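As the structure is a computational prediction, the values presented were derived from the model and not from experiment.
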Amino acid sequence: MTAAENVCYTLINVPMDSEPPSEISLKNDLEKGDVKSKTEALKKVIIMILNGEKLPGLLMTIIRFVLPLQDHTIKKLLLVFWEIVPKTTPDGRLLHEMILVCDAYRKDLQHPNEFIRGSTLRFLCKLKEAELLEPLMPAIRACLEHRHSYVRRNAVLAIYTIYRNFEHLIPDAPELIHDFLVNEKDASCKRNAFMMLIHADQDRALDYLSTCIDQVQTFGDILQLVIVELIYKVCHANPSERARFIRCIYNLLQSSSPAVKYEAAGTLVTLSSAPTAIKAAAQCYIDLIIKESDNNVKLIVLDRLVELKEHPAHERVLQDLVMDILRVLSTPDLEVRKKTLQLALDLVSSRNVEELVIVLKKEVIKTNNVSEHEDTDKYRQLLVRTLHSCSVRFPDMAANVIPVLMEFLSDSNEAAAADVLEFVREAIQRFDNLRMLIVEKMLEVFHAIKSVKIYRGALWILGEYCSTKEDIQSVMTEVRRSLGEIPIVESEIKKEAGELKPEEEVTVGPVQKLVTEMGTYATQSALSSSRPAKKEEDRPPLRGFLLDGDFFVAASLATTLTKIALRYVALVQEKKKQNSFVAEAMLLMATILHLGKSSLPKKPITDDDVDRISLCLKVLSECSPLMNDIFNKECRQSLSHMLSAKLEEEKLSQKKESEKRNVTVQPDDPISFMQLTAKNEMNCKEDQFQLSLLAAMGNTQRKEAADPLASKLNKVTQLTGFSDPVYAEAYVHVNQYDIVLDVLVVNQTSDTLQNCTLELATLGDLKLVEKPSPLTLAPHDFANIKANVKVASTENGIIFGNIVYDVSGAASDRNCVVLSDIHIDIMDYIQPATCTDAEFRQMWAEFEWENKVTVNTNMIDLNDYLQHILKSTNMKCLTPEKALSGYCGFMAANLYARSIFGEDALANVSIEKPIHQGPDAAVTGHIRIRAKSQSVSELLPSALLQGWIL
């Protein structure tokens, strides 16, 4: 075996710019230099051997002049040197010089310094030569009785490794370690000894655990973790042992170590599905979330609770713990709160919904009292949406929730207020008994609304659902109050000319009028009372919106006035009162039209808004029954249809989720009884410890798709040509933030290739973790080289490089084969995600980077083309299926995805089929892609192009 083929456990950084020293100078330094010179020379020797140099002449020099030194640095370096230096002759026999080295090892194992003893024992774990280890066995055994725990625990590791590799050298190791374990007091030594017994002789480990099972709580956390692992493995392999050890797992739930509690809870869930066990494990998880300060830990443990909830039998147990789960809301992190609220909402039932709503109401009120923080508004939105969902599922709760939430319509954060408004709109449509309460509360907060968007929505709700004469009059009063003095143009001109003083304006106008029972106007004295002088900016809200040029709200106001006027005409029989009310509504519309046409607003009124207000004036002037039906009946029916479709969609998605969770059993499926299952059949159940280890190493066994193109072969990249002396191809495996390149290197020549090295470099946000070790390839031999690359963002990365090698016996320079570039695919990092329409629109407005792609395809079906886009970009379609169903020759859809680095990607697909070109006309249109970062916005179009769609 050559040095390059030996396994190296020690990674040493090699400076590339230094000139390699000659063997003669190194020999001179090792023989005659001082300790410092010998140290530097030994380092150079180690680096040269790691690079594949053969230095047989220095072996005896090091044994004679360096090995006897007592310097600790020299001794540490010698351990590395003995690890990598060739110890055998070409025919596989041990070198004679190694006898002297073996004697030095034996002396170090009896050295008075515990560090030298311990480090030598650790080094012995790496030796693969039984002839070297055999003379050292008595000294290794003696180290088990050393006074220092560092020596004892490394002695246990050395004995375990030797027993595993060369059992004949120490056949009584399990018995020896068991006796050591019984008498040992140090926690780390006990942990190593117990770990060895688990893997070497599980029965002895169980015997030891049985003798001290009542004292497990007093052990150190490192030993407790190993005990949990043993119990899991034993019960996994032999379920009949569960009753023996389950009490021990219960006790470990009370451990002082969070890691032990977490592992014990996970083990308890896998060993028992009894409600008491699930409750104890869930309670343990909740305590961990509350007490641990690290947000990552909180999220991981929350995921375990979500996994528990997915099991139908465990869901009812968790429902009783909803109030405990809500204690997690004390965490300031938004992501933790979001996941907690979602979990609580999934677990809510008629038994606990009342308590849940009380807690959420308190949390909403708290957000109003705390100082404004970046996440406070977002948290308030989450709470509002959760309360919204609770009220829809449990209508009895709506009456308790609405009064609290209505206060937030006047919130400065438009997003939170919009969520409240959406909830109120749905509640007032669904729950007839709450309409009076909602209208009353809406009128109370109407004057305090700050956002024009919320103002428009509030106007629509008031216009649609005010059904009594008193409410209609109150709405008119609020509108007049918000508009200020009318006509608006004349009053504003007077104010600018200085004819109307601010104090006069406050005292005299605007005069607010109410329609009395007699049909006359009454002045509302509370509004005309003397107030401090206002600045120009303190105009009434609606007047301010109009002067800022936002006339869309005027169109909404015109629709509201038309609805309440038509309703007032139907409610009141007296012609005089009818005419008075209709005339006032028409006056308000006319003055807004006049204002829009004047030069006072910052932006003039749009033609659409003029048409809308003019239409409303015409409707009021004619008062036809057809228009009455359209305004007062069909508008509400449209809302009802929209809410019904939304509810159906939610039910459909919930049904799909429940179908995923419910395991369907076919009539002819065999029934498995655990008590009747043979031991060798128990392996079909997955070992959680093994799965977690594989996941950490990126070796999770995923089921390959039936399509061979989706399998591993699809990710193999050819790096060199078939006629090159060295053929290479790479399999690119992406595991979240790591890329593993598994490169197959084939020697196609009849020569031995020495120091065959894969040299790689990266372009983009990629970083090579370590330099691959050099290899020696026999004629027509092959080998696999693995290289790890770290990824920092979704920027497209390129890995390039070459293979260099020396031909055995040739005097020429090193040979080089240049490799093809490896392009890292962004699609490995993009995952489908979901968001609300409001969040999509907000992100669409905020994101700066946009790419517009023109569709150029041979496909003729719009739906097929959309599916191709979803497949190529790995995005999710947010537009409901109902909106995409049917055929009209045009399609618009919103797509959304997120990278594993938290980067959002939005897309809007606008495609059509030109009908005038016949049924076989190809799809045309545009795809607009927006993202926060330039890389994502540019890379998704390239993914489309690679998919041969455009």
Side-chain angles (χ1 to χ4, degrees), residues 1-8 10-20 46-54 84 86 698 712-735 738-791 796-825 828:
M1 289 174 66
T2 62
E5 289 172 332
N6 283 329
V7 178
C8 176
T10 310
L11 297 174
I12 297 174
N13 182 39
V14 183
M16 300 304 294
D17 53 349
S18 58
E19 192 69 29
I46 291 169
I47 289 167
M48 289 173 73
I49 292 175
L50 283 173
N51 285 336
E53 297 288 338
K54 303 283 188 286
I84 63 170
K712 285 185 176 183
L713 294 174
N714 196 34
K715 295 194 176 181
V716 172
T717 307
Q718 186 177 337
L719 301 179
T720 63
F722 291 112
S723 59
D724 285 318
V726 177
Y727 172 75
E729 64 182 26
Y731 165 62
V732 183
H733 175 71
V734 177
N735 180 41
D738 301 321
I739 296 173
V740 179
L741 295 180
D742 191 350
V743 183
L744 172 69
V745 181
V746 182
N747 177 7
Q748 301 197 111
T749 67
S750 300
D751 301 315
T752 300
L753 306 184
Q754 293 182 334
N755 298 327
C756 183
T757 308
L758 176 68
E759 296 180 346
L760 296 173
T762 58
L763 194 67
D765 235 343
L766 304 175
K767 182 183 177 185
L768 195 65
V769 176
E770 58 188 346
K771 179 184 171 185
S773 302
L775 297 169
T776 298
L777 289 175
H780 305 291
D781 193 8
F782 65 89
N784 282 72
I785 303 173
K786 288 198 176 182
N788 291 306
V789 178
K790 284 281 181 190
V791 189
N796 249 0
I798 298 173
I799 302 172
F800 57 94
N802 49 45
I803 292 176
V804 292
Y805 60 90
D806 296 326
V807 178
S808 180
S812 61
D813 292 335
R814 301 199 82 184
N815 298 281
C816 177
V817 179
V818 179
L819 305 177
S820 302
D821 296 344
I822 302 173
H823 293 265
I824 302 303
D825 191 3
D828 290 321

Do S820 and T720 touch side chain to side chain, with heavy atoms closer than 4.5 Å? no
Heavy-atom check, side chain of L758 versus side chain of L819, under 4.5 Å: yes
How many angstroms lie between atom [atom1] of [X] and atom [atom2] of [Y], to the nearest 0.5 angstrom?
{"X": "K767", "Y": "I739", "atom1": "NZ", "atom2": "CD1", "value": "14.5 Å"}
{"X": "T749", "Y": "H780", "atom1": "OG1", "atom2": "NE2", "value": "7.0 Å"}
{"X": "I803", "Y": "I785", "atom1": "CD1", "atom2": "CD1", "value": "6.5 Å"}
{"X": "T717", "Y": "L741", "atom1": "OG1", "atom2": "CG", "value": "8.5 Å"}

Which atoms form the tightest heavy-atom contact between [X] and [Y], and what is the distance?
{"X": "D751", "Y": "N747", "value": "O-ND2, 2.8 Å"}
{"X": "T757", "Y": "P772", "value": "CG2-O, 4.2 Å"}
{"X": "L753", "Y": "V807", "value": "CD2-CG2, 4.2 Å"}
{"X": "L719", "Y": "A730", "value": "CD1-CB, 3.8 Å"}
{"X": "F722", "Y": "Q748", "value": "O-NE2, 2.8 Å"}
{"X": "Y805", "Y": "P725", "value": "OH-CG, 3.3 Å"}

Candidate pair V745 and L775, rule side-chain contact (heavy atoms from CB on, under 4.5 Å), full reasoning: CA-CA 10 Å; V745 181; L775 297 169; 5.6 Å; no
